[in-house]
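Quick notes on the structure that follows.
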There are 2 protein chains.
Amino acid sequence: MTRTETAPERAARAIRNLIKSNGLGPGDSLPAQRELAATLGISRASLREALATLEAMGLIRVQAGKGAYVADPHDGMPRDDNQKRQAAQVYQFRLAIEPYVAGLAAQARTRDHLIALQRSIDDMQTAFEADDLITAANADTEFHEILLSASGNPLFAAAIFPTAQTIHENQMLPFANAAAIKAPLREHEQILRYVRDRNPSGARDAMHFHVLSAATRANIAFLRP
Amino acid sequence: MTRTETAPERAARAIRNLIKSNGLGPGDSLPAQRELAATLGISRASLREALATLEAMGLIRVQAGKGAYVADPHDGMPRDDNQKRQAAQVYQFRLAIEPYVAGLAAQARTRDHLIALQRSIDDMQTAFEADDLITAANADTEFHEILLSASGNPLFAAAIFPTAQTIHENQMLPFANAAAIKAPLREHEQILRYVRDRNPSGARDAMHFHVLSAATRANIAFLRP
DNA sequence: TGATACAACTGGTCAGACCAGTTATGGGAA
DNA sequence: TTCCCATAACTGGTCTGACCAGTTGTATCA
């Protein structure tokens with residue numbers, strides 16, 4: 001039997017669509033609860049349950065007396081007005097996870113992973129040639145996601161998930177510096193080589209270098225153990 | 001002004017504590033909503049909002065007509081029936097994160113962190129002497145959580161959160177072997193020593209050893225990069 | 001003994017009320 | 001005219017009490 005979708009579930013999905021289709025960005029406000037409930041044809045109680053789940057997911061932020069707003073992805077983490085510092089935390093985080101994951105991937109990868117990794121590199125190359133930095137950044141992210149999945153341990157992907165958006169944004173930073181634009185491409189190729197050759201320590205070091213280089217390109221410094 | 005905590009927020013935290021302190025595991029059922037609301041001194045509406053956030057966080061699962069249950073953390077991630085394999089993934093994950101975090105903590109810790117770490121060690125000791133393995137396991141988890149916070153990078157805590165329950169479960173496994181019961185205690189003390197002395201590489205190695213030892217005690221083997 | 005019907009649960013949803021903050025507005029005082 | 005402040009009209013936060021729809025245990029009847 002296909003379990004019936006609950007009213008708050010339906011509402012939560014509707015609100016997410018509303019945010020998307022209306023192109024609402026961080027800080028933009030949602031309709032008032034009484035109005036939104038009426039629009040969706042549900043009670044305010046159900047609406048509030050939907051809002052509670054969306055808030056738990058970090059998509060919105062609700063303030064008493066004021067309203068509900070589309071959340072800034074950075075708001076889920078402790079106050080830190082300093083942009084640079086946030087970026088530093090992201091790179092610090094990546095430096096912990098990604099070299100390790102690359103080492104695992106070098107051992108656990110299948111032929112399909114290699115193909116997918118190569119394609120993401122090709123996509124990135126093509127995007128660069130077309131000056132399409134958005135697509136290039138997407139390809140960049142994709143490369144890392146494939147490695148994540150190639151590691152064979154779903155916990156890493158689960159761990160990255162909450163910070164995925166922050167990480168992606170950060171991955172675009174380096175591209176602001178047009179001069180060093182091809183460097184990440186070569187670094188990806190180097191990583192892929194080690195992963196293909198099943199050389200964990202090589203992959204690990206190459207990824208370590210890649211993350212540190214990306215930080216340097218973005219002019220970010222941070223504490224390392 | 002310190003923004004007042006909302007009733008559902010308070011309730012969510014209370015329920016999480018309830019799960020912890022009662023040692024509820026996956027599949028165990030929570031009290032009925034009417035009863036739980038009365039216990040917490042809030043309305044069912046507020047209680048339901050709390051449950052909605054907990055469900056969004058993947059901590060519980062609510063079924064109409066039946067009840068609310070502590071969720072299996074592995075639901076929502078790729079099927080993997082093999083218990084041993086799940087445990088291996090957890091240790092593999094911890095081995096990536098925790099030594100790195102320990103290294104950071106050794107540099108960023110404050111005096112308060114040291115005090116808290118020492119207390120968690122003392123609690124664990126006391127619990128062992130009282131043969132209270134549940135409390136001991138809680139103290140064990142607490143030690144690691146304090147280090148997480150001492151690292152100064154909230155991303156690590158955020159990353160660990162989704163798998164926190166799995167990790168906690170795993171941390172209890174070693175205690176099944178009564179012989180080696182004091183080992184983790186000594187390992188924690190060793191880590192604390194390095195953290196106190198601001199020795200990152202020492203802390204890192206000690207934590208590496210600690211995680212590997214825990215895995216060995218639990219008779220778990222896994223791939224390392 | 002076994003099947004069934006009922007009672008007593010469970011969560012899902014709603015309407016409507018009231019409180020406590022926030023904000024816009026309009027009327028006075030300077 | 002300009003500025004300030006009281007107030008009205010919002011906003012979300014919370015509660016009560018009701019009813020519906022599933023699930024489950026139990027007692028009754030064949």
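None of the values given here were measured: they were computed from a predicted structure. Naming convention: chains lettered A, B, ... in sequence-line order (proteins, then strands); numbering from 1 in each chain.
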Original post:
Between Glu49(A) (CD) and dG12(D) (P), how many Å, whole number?
Top reply: 17 Å
Subject >> Closest nucleotide among dT10(C), dT14(D), dC14(C) to the Ala32(B) side chain >> reply: dT10(C)
Original post:
For DNA chain C, whose closest nucleotide is more 5', that of Gly65(A) or that of Ala45(A)?
Top reply: Ala45(A)
Original post:
Are the aromatic rings of Tyr100(A) and Tyr100(B) close, with centres under 6.0 Å apart?
Top reply: no
Original post:
Is a donor-acceptor contact shorter than 3.5 angstrom present between the side chain of Arg34(A) and the base of dG12(D)?
Top reply: yes
**OP:** Looking only at non-hydrogen atoms, find the nearest pair between Ala203(B) and Ala106(B) and report the distance.
**Re:** CB-CB, 4.0 Å
Original post:
Can you find a donor-acceptor pair, distance only, under 3.5 Å between Arg44(A) side chain and dT14(D) base?
Top reply: yes
**OP:** Examine dG13(D): is either OP1 or OP2 under 4.0 Å from a nitrogen or oxygen in the side chain of Ser46(B)? Give yes or no.
**Re:** no
Subject >> Shortest side-chain distance from Pro8(B), nucleotide among dG12(D), dG12(C), dT14(D) >> reply: dT14(D)
Original post:
Is Arg217(B) salt-bridged to Glu187(B), going by a charged N under 4.0 Å from an acidic O?
Top reply: yes
**OP:** Please state how far atom CZ in Arg61(B) lies from atom P in dG12(C), giving the value in whole angstrom units.
**Re:** 13 Å
Original post:
Between Gly41(A) and Ala64(B), which is nearer to the 5' end of DNA chain C once each is assigned its nearest nucleotide?
Top reply: Ala64(B)
Subject >> Pairing of Glu5(A) and Arg13(A) as salt bridge, 4.0 angstrom limit >> reply: yes
**OP:** Report yes if at least one side-chain N or O of Gln33(B) is closer than 4.0 Å to OP1 or OP2 of dG12(C); otherwise report no.
**Re:** yes
Subject >> Spacing between Tyr69(A) atom OH and dT23(C) atom C1', to the nearest angstrom >> reply: 10 Å
Original post:
When the distance from CG of Leu51(A) to P of dT14(D) is rounded to whole Å, what number comes out?
Top reply: 13 Å
Subject >> Side chain of Lys66(A) - closest among dC15(D), dT23(C), dG13(D) >> reply: dT23(C)
Original post:
Roughly how many Å is it from CZ in Arg48(A) to P in dT13(C), rounded to a whole number?
Top reply: 16 Å
Original post:
Tell me: CD of Glu5(B) to C1' of dG21(C), nearest whole Å?
Top reply: 18 Å
Original post:
Going by heavy atoms in the side chains, are Phe222(B) and Asn153(A) under 4.5 Å from each other?
Top reply: no
Original post:
In whole Å, what is the span from the CD1 atom of Ile60(A) to the P atom of dG12(D)?
Top reply: 10 Å
**OP:** Could you state the atom-to-atom distance from CZ of Arg10(B) to C1' of dT14(D) in whole Å?
**Re:** 11 Å
Subject >> dG12(C) OP1/OP2 closer than 4.0 Å to side-chain N/O of Gln63(B) >> reply: no
